[in-house]
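As a basis for the values below, the full set of heavy atoms in this structure was taken, side chains included, without hydrogen atoms, waters or symmetry mates. Heads up: numbering here begins at 1 and tracks the sequence.
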Amino acid sequence: MTDFKYDVDADGIAIITWDAEGKSMNVLTREAFGLVEDYIDRALGDDAVKGVVITSGKKDFAGGMDLNVLATIREESGENPAQGLFDFTMNGHRILRKLERAGMDAKTNKGGKPIACAINGTCAGIGTEIALACHYRTMTDNPKAKIGLPEILLGIFPGGGGTIRYSRMVGAVNAAPVLLEGKMQDPKKAKSASLVDEVAADPLEAARQWVLNAKDADIVKPWDQKGYKMPGGAPYHPAGFMNYVGASAMVHGKTQGAFPAAKALLSAVYEGALVDFDTALRIEARWFTHVLMNPSSSAMIRSLFINKQALEKGAVRPKGIEDQTVKKIGVLGAGMMGAGIALVSAQAGMEVVLIDRDQDAADKGKAYSAAYMDKGIKRGKATPEKKEALLAQITATAALDALKGCDLIIEAVFEDPGVKAEMTKKVEAIIPENCIFASNTSTLPITSLAEASVRPEQFIGIHFFSPVEKMFLVEIIKGEKTGDRAVAKALDYVRQIRKTPIVVNDARFFYCNRCIIPYINEGARMITEGVSPVLIDNAARQLGFPVGPIQLTDETSIDLGAKIARATKAAMGDAYPESPADDLIFWMEEQGRLGRKANAGFFDYDDKGKRVEYWKGLAEKYPQAAEQPDLIEVQERLMFAQVLEAVRALEEGVLMDIREGDVGAVLAWGFAPWSGGPLSWLDIIGTPYAAERCDQLAEAYGDRFACPPLLREMAEKGQTFYGRFAPEEDQAA
């Protein structure tokens, strides 16, 4: 293995260059960590070496730890995986502590060799933790470079010493945004946050110069100096006590107690601040192991890292189809969705033709991109030159002839089958024969829409979520006649705009809306039963959902829900299940309370559109019950309403890959991220319990909670979803 290179320059500085073989970014493996120690030992033991600089041979410094290592350690540890994970973590602490002490005398803190880290690009996770263990950190002045500790977003926290080191560097309060939000910082912000010491055009040379001039006192970390005091105060200090009380309240306020890693991180910081540094590292390792042993951690890592990455790299892309990179895209409809699609396409470097019924409407759609860039300029993230360049890529017009030469069309016109069919026929008469035609519909079946096409094998659904530029997921829908090239084209396009794709087979509401709608409806049903909307929304938030079903209805608009209900009833006829939720939505529509957009919905709003409180008229129509249901009962109704639809989607073949069901749910509507997704959640609670709970809920609340045959079969066999349906390569791993 040649993940690291070692060289001593003419000034006696050992340059350790991290350059992971065969990888686009440096990712730390167990073997590579061993090499770090070998080279540090070599440098410290060589009298000719005056100091060390650690840098990267790639455009970025590091992308973190190879998380597959953790799964391997679990397996190797047999009956005691916790001990194996703890020992692995403590060994990492030992190596970085050796780097940090750098050969200095334990009593005098003298005689050590200065070690600097030259960060030449993005640096995350264990890469940042290695940097924090060094005595000095220089970073490139490229504003696109980022540094941070994003582990919390994957259901873990910095367990390589980053939690203890950083909190002791800046104090618990200042460390919170970096540790608990996982935000990556640009060089300027990183310096302000003390993640780096210097921002330079040539970070390697800046690091070398620091090493050449460093003195003994420069390399002793604050916590190794006599009289060290925790910035902001230790927990037993009055000021520090208040800081930790505030931090605990802040964390619980943001996470609602649904994310185990956040609580464990804060515990490690608090307990670590009560003891010496080396004991604090041991505490961090124990809490880190505790989180790794929580099934939530494994599920989040699997869904939000391994599976998400696999889907983005083309795990479900049809084999044998040549590259389908989009060069010129036509967007039909310049409303909010079309304007957003035009923006992200132009950002990806495509030539964009934005079409609407008249020039004014098309220009208004293009203005969306202009306004977006203006906000970026105001925040220092864009320049007037970049704005002009992006706008030059978008042609706003009412002339369909401008679509000539397009290799992809995305139709985002009014949600009416007749309107969409008319546009399809008009546009197909103009575009090249090999052009792929996609519809950005959220509910209309793709197979039916494709009937208007003369090339149904080139017709596909590409379902964006609003606002397009902010949402991470794109749902690709295969109609009955959709061909492999159309699927490949859609996937390659999503890769170009740097979003995560899932591919599903055609069915009413596809996959995501199929699961979201029961979530919304269950919340509405509970209101008609007399359950407090406060309890309903807070129950959801305490499960980790970004918003509860009642608030979500206001955000997406109540009349949209009414429209979907009517359209579905018309399509299904007598098969449509009557629901009290529909009665509530129709009544709200009659009252003119259409949601946030009307400044009146389930909530009252002030003149500025800010939510004030739940509308009191709701309780007058549906009086709240004197005795409210148990919190867990409400939560399980909300969870099972969604996960059972996910199971049915898998059972019916709408979902073709289990990974897409979980990744899609978390990214599309924020399904309890700590769970890893609906199918992962069922694995966490166990299929036998899930089937039993279905029976109880069905008896109490109706057939919508009936246990799907697939879940019943798996419960009887004691199977898990990932044990049965994971792709072969995942099962092998």
task: Identify the two heavy atoms, one from Ala82 and one from Thr289, that lie closest to each other, and give their separation to 0.1 Å.
output: O-CG2, 3.3 Å
task: Return the orientation label for the Phe671 and Phe545 ring planes: parallel under 30°, perpendicular over 60°, tilted otherwise.
output: perpendicular
- request: Look at the aromatic rings of Phe157 and Phe288 and report parallel, tilted or perpendicular, splitting at 30° and 60°.
  value: perpendicular
- request: With the side chain counted from C-beta on, respond yes when Ile54 and Ile115 share a heavy-atom pair under 4.5 Å apart, and no when they do not.
  value: yes
- request: Find out whether Leu99 and Cys134 are in side-chain contact, i.e. whether some heavy atom of one side chain is under 4.5 Å from a heavy atom of the other.
  value: yes
query: Looking at Lys98 and Leu44, what are the two nearest heavy atoms and their distance?
result: O-CD1, 4.4 Å
query: Would you call Leu153 and Met300 a side-chain contact if the rule is heavy atoms closer than 4.5 Å?
result: no
- request: Output, in order, the C-alpha distance, side-chain angles, deciding distance and verdict of side-chain hydrogen bond (donor to acceptor under 3.5 Å, both in side chains) for Asn294 and Ser297.
  value: CA-CA 6 Å; Asn294 190 312; Ser297 167; over 6 Å; no
field: Charged N-O contact under 4.0 Å between Lys188 and Asp186
entry: no
- line: Partner of Leu149 under side-chain contact (heavy atoms from CB on, under 4.5 Å), picked from Leu265, Leu180, Val178, is Val178
message: Under a 3.5 Å distance rule, please check whether Thr138 uses its side chain to pair with a backbone N or O of Glu198 as donor and acceptor.
response: no
field: Polar side-chain atom of Gln635 near backbone of Ala539 as donor-acceptor pair, under 3.5 Å
entry: yes
query: Mind checking whether Val36 and Ile16 have side chains closer than 4.5 Å, heavy atoms only?
result: no
query: Mind checking whether Tyr136 and Trp210 have parallel, tilted or perpendicular rings, split at 30° and 60°?
result: parallel
- prompt: Do the side chains of Ile13 and Leu212 get nearer than 4.5 Å, heavy atoms only?
  reply: yes
task: Check whether any side-chain N or O of Thr128 sits under 3.5 Å from a backbone N or O of Cys123 as a donor-acceptor pair, and report yes or no.
output: yes
message: Does this structure show an ion pair linking Glu76 with Arg30, if we count only N-O contacts that are shorter than 4.0 Å?
response: yes
query: Does Ala268 offer a backbone N or O that forms a donor-acceptor pair with the side chain of Glu284 under 3.5 Å?
result: no
task: Output yes when a side-chain donor or acceptor of Ser675 lies under 3.5 Å from a complementary backbone atom of Trp681, and no otherwise.
output: no
Side chains of Thr17 and Asp7 in contact at under 4.5 Å (non-hydrogen atoms): no
- prompt: Under the salt bridge (charged side-chain N to carboxylate O under 4.0 Å, His left out) criterion, do Asp11 and Lys50 qualify, and how do the steps go?
  reply: CA-CA 8 Å; Asp11 292 317; Lys50 298 176 183 177; 6.0 Å; no
task: Answer yes or no: is there a donor N or O on one side and an acceptor on the other, between the side chain of Trp674 and the main chain of Leu543, under 3.5 Å?
output: yes
- prompt: Taking the side chain from Asp224 and the backbone from Arg101, do they hold a donor-acceptor pair closer than 3.5 Å?
  reply: no
message: Applying the ring pair (Phe, Tyr, Trp, His ring centres under 6.0 Å) criterion to Trp18, which one of Phe61, Phe33, Tyr39 satisfies it?
response: Phe61
message: Using a 3.5 Å distance criterion without hydrogens, assess whether the side chain of Asp60 forms a donor-acceptor pair with backbone atoms of Thr122.
response: yes
task: Give, for atom CZ of Arg165 and atom CD of Glu100, the distance between the pair rounded to the nearest 0.5 Å.
output: 4.0 Å
- prompt: Measuring from Met471:CE to Trp669:CH2, what's the distance to the nearest 0.5 Å?
  reply: 11.0 Å
task: Test Asp202 against Arg208 for salt bridge (charged side-chain N to carboxylate O under 4.0 Å, His left out), laying out the working first.
output: CA-CA 10 Å; Asp202 187 345; Arg208 288 183 68 262; over 6 Å; no
field: Non-hydrogen side-chain atoms of Leu274 and Pro235 separated by less than 4.5 Å
entry: yes
message: For Gly160, is there any backbone N or O sitting under 3.5 Å from a side-chain donor or acceptor partner on Glu129?
response: yes
- prompt: How far does CD of Glu271 sit from CD1 of Ile164, to the nearest 0.5 angstrom?
  reply: 9.5 Å
query: Are any of the side-chain heavy atoms of Ile219 and Pro114 separated by less than 4.5 Å?
result: yes
message: Before you tell me yes or no, could you show the steps for Gln83 and Asp87 under side-chain hydrogen bond (donor to acceptor under 3.5 Å, both in side chains), namely the whole-Å CA-CA distance, both residues' side-chain angles and the distance that decides it to 0.1 Å?
response: CA-CA 6 Å; Gln83 187 66 51; Asp87 291 344; 2.8 Å; yes
- prompt: Roughly how far, to the nearest 0.5 Å, is CG of Leu304 from CZ of Phe472?
  reply: 11.0 Å
- prompt: Taking all non-hydrogen atoms of both residues, which atom of Asp662 and which atom of Ser680 are closest, and how far apart?
  reply: OD2-OG, 2.7 Å
query: Any donor-acceptor pair under 3.5 Å linking the side chain of Arg137 with the backbone of Leu195?
result: yes
field: Quiz item: cation-pi between Arg302 and Tyr722, 6.0 Å / 45°
entry: yes
message: What I want to find out is whether Lys113 reaches Asp46 closely enough, with some N-O distance under 4.0 Å, to be called a salt bridge.
response: no
- line: In short, His93 meets Gly161 closest at the heavy-atom pair CE1-N, 3.1 Å
message: Restricting to non-hydrogen atoms, name the atom on Ala118 and the atom on Ala207 that form the minimum distance, rounded to 0.1 Å.
response: CB-CB, 4.0 Å
- line: Nearest heavy-atom contact between Val275 and Arg168 is O-NH2, 2.6 Å
